[in-house]
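A quick write-up on the structure given underneath.
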Amino acid sequence: METIIKWNADLFGVEIQTNNQHFVISGQPSMATSWHEAVRFFKENKVWQLPTRDHLKLIAEHIDEVNTLIRENGGCKIQGWHWTADEYDEFCAWTVLMNYGLTYNLAKNLDVYVRAVSAFQN
């Protein structure tokens with residue numbers, strides 16, 4: 001299956017589907033927060049969650065198309081470093097630089113952007 005990328009009006013975000021992944025990245029603005037605050041924020045949420053490294057790397061691979069769809073539908077472009085749900089160790093978690101797809105671990109207490117995803121079962 002090729003990667004399918006389309007606007008999902010119900011969830012106000014970009015839906016991305018591959019053989020292994022199916023999720024929506026929110027069109028709402030990214031928020032800057034610590035990793036711990038992001039985890040707490042999404043802990044009880046039934047629809048939205050903190051994205052995995054795989055989610056963000058796939059988005060970064062298609063960032064121009066994703067941002068075009070977001071802008072066309074009145075959302076806020078994705079750029080900069082974003083937290084993932086994936087921990088590196090007790091003190092650091094993985095981040096992805098959305099413009100280039102680079103991954104790096106940063107101290108969890110730093111304020112880094114977060115953009116929610118809503119994942120579906122494949």
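Throughout, numbering of the chain's residues begins at 1 and tracks the sequence. Bear in mind that the values here come from a model prediction, so they are computed numbers and not experimental data.
- Residue I16 is tested with V24, V66, I4 for a side-chain contact (heavy atoms from CB on, under 4.5 Å); the sole match is V66.
- Atom CD of E15 sits about 9.5 Å away from atom OG of S118, to the nearest 0.5 Å.
- Every residue meeting the side-chain hydrogen bond (donor to acceptor under 3.5 Å, both in side chains) condition with R40, not counting sequence neighbours, appears here in chain and number order: E37.
- By the 6.0 Å contact criterion, OH on Y113 is open, its count of non-hydrogen atoms from other residues, nucleotides or ligands being 12 or less.
- Hydrophobic clustering, with ILVMFWY side chains joined whenever heavy atoms are under 4.5 angstrom apart, keeps M31 apart from F12.
- Residues passing the side-chain contact (heavy atoms from CB on, under 4.5 Å) test with D54 are Q21, T52, sequence neighbours excluded.
- Note on ring orientation: taking the six-membered ring where Trp is involved, the planes of H22 and F120 are tilted (angle from 30° to 60°).
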Test side chain to side chain contact (heavy atoms under 4.5 Å, CB included) applied to F23 and I59, step by step: CA-CA 10 Å; F23 62 93; I59 294 163; 3.7 Å; yes
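- When all heavy atoms of T33 and A38 are compared, the closest pair comes out as CG2-CB, 3.9 Å.
- In this structure, NZ in K57 is found 10.5 Å from CG in L102, a value given to the nearest 0.5 Å.
- Between F91 and N105 the shortest side-chain heavy-atom distance does not fall below 4.5 Å.
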L56 and W94: side chain to side chain contact (heavy atoms under 4.5 Å, CB included), yes or no, with the steps? CA-CA 10 Å; L56 292 184; W94 287 105; over 6 Å; no
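- Checking side-chain atoms of W35 against main-chain N and O of D86 turns up no donor-acceptor pair under 3.5 Å.
- Counted by atom type alone, R115 and S26 present zero donor-acceptor pairs between their side chains at under 3.5 Å.
- Residues Q79 and K77 come closest through the heavy atom pair OE1-CE, 3.2 Å.
- The structure places NZ of K43 at 15.0 Å from CD of Q49, a figure rounded to the nearest 0.5 Å.
- Interatomic distance, CD1 of I25 versus OG of S30, reported as 7.0 Å (0.5 Å rounding).
- Rounding to the nearest 0.5 Å places OG1 of T3 at 7.5 Å from CD of E61.
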Apply side chain to side chain contact (heavy atoms under 4.5 Å, CB included) to the pair F41 and V114, showing each step before the final yes or no. CA-CA 11 Å; F41 182 81; V114 175; over 6 Å; no
Under the criterion side chain to side chain contact (heavy atoms under 4.5 Å, CB included), I'd like the reasoning laid out for R53 against V96: C-alpha separation, chi angles, the key distance, then a yes or no. CA-CA 7 Å; R53 215 172 352 163; V96 175; 4.1 Å; yes
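- Taking each heavy atom of I70 and G27 in turn, the nearest pair found is CG2-O, 4.2 Å.
- Taking the side-chain contact (heavy atoms from CB on, under 4.5 Å) definition, one finds that V112 meets it with W81, W83, T95, L106, L110, sequence neighbours left out.
- When all heavy atoms are compared, the tightest approach of G101 to A60 is CA-CB, 3.5 Å.
- Contact check for I78 versus I63: side-chain heavy atoms found under the 4.5 Å cut-off.
- Counting heavy atoms from C-beta outward, N73 and V14 have side chains that stay 4.5 Å or more apart.
- One finds the CG atom of D64 at 11.5 Å from the CG atom of L69 (value rounded to the nearest 0.5 Å).
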